[in-house]
Amino acid sequence: MLTLPELPKQKKLKSIAVLTSGGDAPGMNAAIRAVVRYALSQGVEVYGVTKGYSGLLEGQIHPLNASSVANIIQRGGTILKTDRCEAFFKKSVRKEAANILRRKGIEGLVVIGGDGSFTGAHLMQQENKFPCIGIPGTIDNDIAGTEDTIGFDTAVNTAIDAIDRIRDTASSHDRIFLVEVMGRSSGWIAVQTGIGGGAETVLVPEHKESLPEIVESINRGVQRGKTSSIIVVAEGHKPGLSQRIADGLSAQGFSPKVCILGHTQRGGTPTAHDRMMASVMGAAAVGYLIGGKSASMVGIQSGKLVLVPFSKVIGKKKDLDPSNLYLAQILAT
Ligand code: F6P
């Protein structure tokens with residue numbers, strides 16, 4: 001089980017803020033709760049920034065107490081709301097953000113988000129000497145420096161639950177279903193969902209398959225007596241890929257059905273795994289930040305919580321584990 005590492009004993013900051021940024025992920029609320037309650041336990045004041053960096057620039061910053069985060073551990077989404085803030089790409093805007101925080105007496109920031117969110121935090125830290133620590137929160141699980149991200153486990157469980165339901169109707173009607181999962185340019189959700197859902201084929205951006213190859217794998221199943229099949233498709237850069245593949249299959253005489261799971265994977269009750277990981281990460285992020293650490297993300301390596309410098313995280317997308325893709329493929333045959 002994931003445990004809290006030894007955290008710095010000294011306390012260098014008295015007041016910190018927390019925000020969520022980028023796509024929401026189930027478990028972000030558990031992380032916010034841990035940030036607030038661990039900070040308060042250390043005698044540190046906490047502010048919540050509403051709507052990510054956009055809200056920060058608008059001064060939407062409010063004090064949080066233990067009750068502010070009551071009853072949220074089981075809720076998906078983020079009580080702090082979130083945003084993707086284009087303006088934060090500008091140096092002058094990041095300077096203004098650091099000034100806004102300083103004027104409130106805030107000395108450090110916890111950012112829960114993904115690669116883009118950490119880039120903003122890292123630059124704000126470098127340019128304005130404003131301490132920041134990141135917590136990886138994205139369903140995609142594509143952040144370098146960590147084996148896991150908050151929301152991934154929940155998203156995979158949601159997708160597997162959907163596949164179990166689709167399989168009932170697919171086998172009743174002897175149909176081929178293309179089930180499209182999220183993950184942008186990363187196949188982590190697709191592979192894990194494919195293995196756990198027993199999919200007949202898994203299509204990921206990291207290993208493109210041509211239409212004839214897809215047809216061949218369907219036909220292999222038919223020859224073994226399969227009357228239905230589930231093809232898990234990672235959305236790739238442009239959602240709707242499953243429909244485009246279905247059109248190609250239809251032209252070859254198949255009658256596939258398409259189910260795009262989309263944002264259903266982003267919401268819902270976080271799993272126990274995500275709640276636990278978010279709680280440990282939230283507490284550790286505060287411990288490191290108030291102990292004087294900065295420009296780093298808390299992550300999981302070899303099953304343990306570690307602190308990883310932003311320089312080893314940002315812009316370095318985590319590659320899909322080829323052994324998992326291989327497993328998905330051989331179990332599907
Ligand atoms: O990064 C998380 C994610 O859910 C991706 O899997 C997906 O491609 C993207 O966000 C969708 O973004 P939006 O919610 O802005 O449509």
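All values below come from the heavy atoms of this structure, side chains included, with hydrogens, waters and symmetry mates left out. In this chain, numbering begins with 1 at the start of the sequence shown. For ligands, and for the atoms within them, numbers begin at 1 and follow the listed sequence.
- When hydrophobic clusters are built by joining Ile, Leu, Val, Met, Phe, Trp and Tyr residues whose side-chain heavy atoms come closer than 4.5 Å, directly or via intermediates, L2 is not grouped with M297.
- Among protein heavy atoms, atom 10 (O) of ligand 1 sits closest to R266 NH1, 3.1 Å.
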Side-chain atoms of residues 97-107: list all donor-acceptor pairs with protein atoms under 3.5 Å, sequence neighbours left out, distances to 0.1 Å.
from, atom 1, to, atom 2, distance (Å)
N99, ND2, K95, O, 3.4
R102, NH1, N128, O, 3.3
R102, NH2, N128, O, 2.8
R102, NH2, K129, O, 3.1
E107, OE1, K14, N, 2.5
E107, OE1, S15, N, 3.2

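- If you number the atoms of ligand 1 from 1 as listed, the ones under 4.0 Å from a heavy atom of G183 come out as 6 (O).
- Looking at R84, K238, E235, R184, it is E235 that brings a heavy atom closest to atom 7 (C) of ligand 1.
- Taking every non-hydrogen atom of H263 and a distance limit under 4.0 Å, the qualifying atoms of ligand 1 come out as 13 (P), 14 (O), 16 (O).
- The ring-ring contact (aromatic ring centres under 6.0 Å, His included) contacts involving residues 288-311 comprise F118-F310, H122-F310, where partners must be two or more places apart or lie in separate chains.
- Using a 4.0 Å cutoff on heavy atoms, Q265 does not count as a contact of ligand 1.
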Next item on the list: Starting from the C-alpha separation in whole Å, work towards a yes-or-no answer on side-chain contact (heavy atoms from CB on, under 4.5 Å) for I163 and F177.
Entry: CA-CA 9 Å; I163 285 188; F177 264 85; over 6 Å; no
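- In this pair, F88 and Y53 present their aromatic rings parallel. The plane angle is below 30°, not in the 30 to 60° band.
- For I139, every heavy-atom contact with ligand 1 shorter than 4.0 Å involves the side chain, none the backbone.
- Shortest contact from atom 1 (O) of ligand 1 to any protein heavy atom: D140 OD2, 2.8 Å.
- For the side-chain contact (heavy atoms from CB on, under 4.5 Å) with I231, the lone residue among V179, V202, I245, I218 that qualifies is I218.
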